[in-house]
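Please read these numbers as outputs of a predicted model, since none were measured by experiment. Start at 1 with the first residue, then count along the sequence. All ligand and atom numbering here is 1-based and tracks the order in the structure.
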Amino acid sequence: MAENSANNIDNLLHEARRFPPSDDFANAAVATRELYAQGEDPVAFWGSQARGLLHWHTPFTPERTLDWSEPPFAKWFDDGELNVAYNCLDRHVLAGNGDRVALHWEGEPGDSRSFTYAELTTEVKKAANLLTALGVKQGDRVAIYLPLIPEAVISMLAVARIGAVHSVVFGGFSAESLRSRIDDASAVLVITADGGYRKGKAFPLKPTVDKALEPNADGQESTVRNVLVVQRTKGDVDWHERRDLWWHDEIAQVDTEHVAKAFPAENPLFILYTSGTTGKPKGILHSSGGYLTQVAFTHKAVFDLKPEEDVYWSTADVGWITGHSYVVYGPLANGATEVIYEGTPDTPHPGRWWEIVEKYKVSILYAAPTAIRTFMKLGRQIPQEFDLSSLRLLGSVGEPINPEAWVWYRDVIGGGTTPVVDTWWQTETGAIIISALPGVTTLKPGSAQVPIPGIAIDVVDERFRSTEADQGGLLVITHPWPSMARGIWGDPDRFVETYWSKFGRTTYFAGDGARRDRDGDIWLLGRVDDVMNVSGHRLSTAEIESALVSHPMVAEAAVVGASDETTGQAVVAFVITRASQADAAAADDASAVLRAHVAEQIGAIARPREVHIVSELPKTRSGKIMRRLLRDVAEGREIGDTTTLADTMVMSVISNTLK
Ligand code: WTA
């Protein structure tokens, strides 16, 4: 069990506030209690959702709703055919909703663009023609490395439209991280921009792509044939003739018509890399029909979406799974009007988010606890300067939301009346798995509450026995679900081993600790493995350790996630430098150099909050680093049981170094 979370259990057990739905909300709610009864037969339930929510070029036969004959490799709606982009675009236009705004995009410097469904459909058709002209075919992989500008959404949908596979790489990742993702998927095309805006400054992206595409250490070229460059900042760029193409030049030359072809339901839709317990990120693979069914269903039911009236805003970047499922595919499949924002919450002023809510009359907001805690610290006077009365529903995702932040969110942002839904899910689950349904569920601050209809979960001990109420255990999913990952790109064995071997091939082990209370509601307790959660982003201790030891100064490194008031967890590293460099006076410098080195190797999100230069690391007799003890040091706690250490003096040596 993750020790840092165990401390919170007592507090959470005493959380007694309850928020039943108001009659008005309940009477008009999209979700109903009957959904749970229907969900008791998951196969029938998801079959009927798939038929009701999506357009199928070729309907699937009921017998082929789920094929679970080779677990854990599920097939959903296997003999059906659809086009994901058609479902997100053309069909809304054909249904007479072409004039509805699909996207309100807000750039950080204050520029903005809006696209109706008709306009977005045309842009995607052109981009699809462009990709085809560049030789991209069904099944090819396209890397997308863009800021949050409309072309990010257009690119993803254009790739989907021609049956190719996108791999979106968050714009904050380094050249090394980008290259390893390009190599792993053998991407043929990169779509990028000259740069984007963040924190009031233009940051360049194209030079990072250039660097990523240089021959690697073994002299090997990348698999990329072309780089398509969107002009965003008009910054200077180096140009590789024959390889590089300006988006605006190329898109001006293609046809505006494009007929969406049908692809099998199991056609791969995207790969998204996420951190695991080892150094190498995993390419989580999702497919089309099942994924789109579950993101559409959850987006509608969990966010109570009324597409004619609501303005929905998820603050996530498309570089993360939330940006895939609840910025692009869920909202657009449902014909929603949504806001996307390029920049940071505090640029140019700390009320930027609330200004955007006021400007677009946002009614549904989906954000991360780390942002909410940051706003809490800044004080309620900032949001109170804006008119937030359009908000009627708030969502949270990415990490546990502590009850105080939940209540603050409801009171200060939601005017004391909006429901707050805390949604638990993962890159691997594709869509929301645990959440209250607004209008149905009585809300409990701090608890993600119940599996959505059609989902079966359990909390079990190491021997796979369901835990008693209020006992901590491991969260598992016990029945396949439509948006489940179809594998790890190129590594089926790792997929089985990571998620489907602890309790057998039909039980999904999520890697999270959880506890069920006496009402049956679920409380998430944090990761049980060496994965950290910093500001809702997953980071692997092993990946950061290997970045640290790649620096010539470093002999050995251990990384832990220490609890942090704002970011949930923060990266704290303990490093042994090589003898020749172990000059105590240089420790401050060394620590700054190593923090920068990690940012350079992986990306700024992985930069450690602290790097401590130490002379030894705590190890067991078998040589395993005892991170538990390092976490005690990092969190300023009394150091726990050291009896299994090979050298019991080590911890006092380390603590003394840090004093
Ligand atoms: C954590 C993000 C508690 C959890 C959608 C999970 C949460 C990991 C919640 C997945 C929540 C996500 N309450 N913990 N509501 N949502 N997590 O893949 O540890 O970036 O395993 O997906 O985030 O992170 P990922």
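Looking at D304 and R392, a side-chain N of the basic residue comes within less than 4.0 Å of a carboxylate O on the acidic one, giving a salt bridge. Under a 4.0 Å N-O distance rule, the pair E543/K282 does not qualify as a salt bridge. By the 4.0 Å N-to-carboxylate-O rule, E266 lies close enough to R486 to be salt-bridged with it. Looking at D521 and R516, no side-chain N of the basic residue comes within less than 4.0 Å of a carboxylate O on the acidic one, giving no salt bridge.
Atoms of ligand 1 found under 4.0 Å from any heavy atom of I321, numbered from 1 in the order shown, are 2 (C), 5 (C), 22 (O). Of all atoms in ligand 1, listed by their number and element, those nearer than 4.0 Å to a heavy atom of V397 are 5 (C).
Considering backbone and side-chain atoms alike, D512 places an N or O below 3.5 Å from some N or O of ligand 1. Close N/O approach between T274 and ligand 1 is not found [any backbone or side-chain N/O within under 3.5 Å]. Close N/O approach between Q426 and ligand 1 is found [any backbone or side-chain N/O within under 3.5 Å]. Residue contacts with ligand 1: D422 is placed with a nitrogen or oxygen under 3.5 Å of a nitrogen or oxygen of the ligand (distance criterion only). For ligand 1, the polar-atom distance check finds an N/O of G398 within less than 3.5 Å of one of the ligand's N/O atoms.
Figure legend: R515 and W523 shown as a cation-pi pair, the cationic atom lying under 6.0 angstrom from the six-membered ring centre and within 45 degrees of its axis.
Between the side chains of Y366 and T423, at least one donor-acceptor pair of N or O atoms lies under 3.5 Å.
From the protein, the heavy atom lying nearest to atom 20 (O) of ligand 1 is R538 CD, 3.7 Å. Protein heavy atom in closest approach to atom 3 (C) of ligand 1: P400 N, 3.1 Å.
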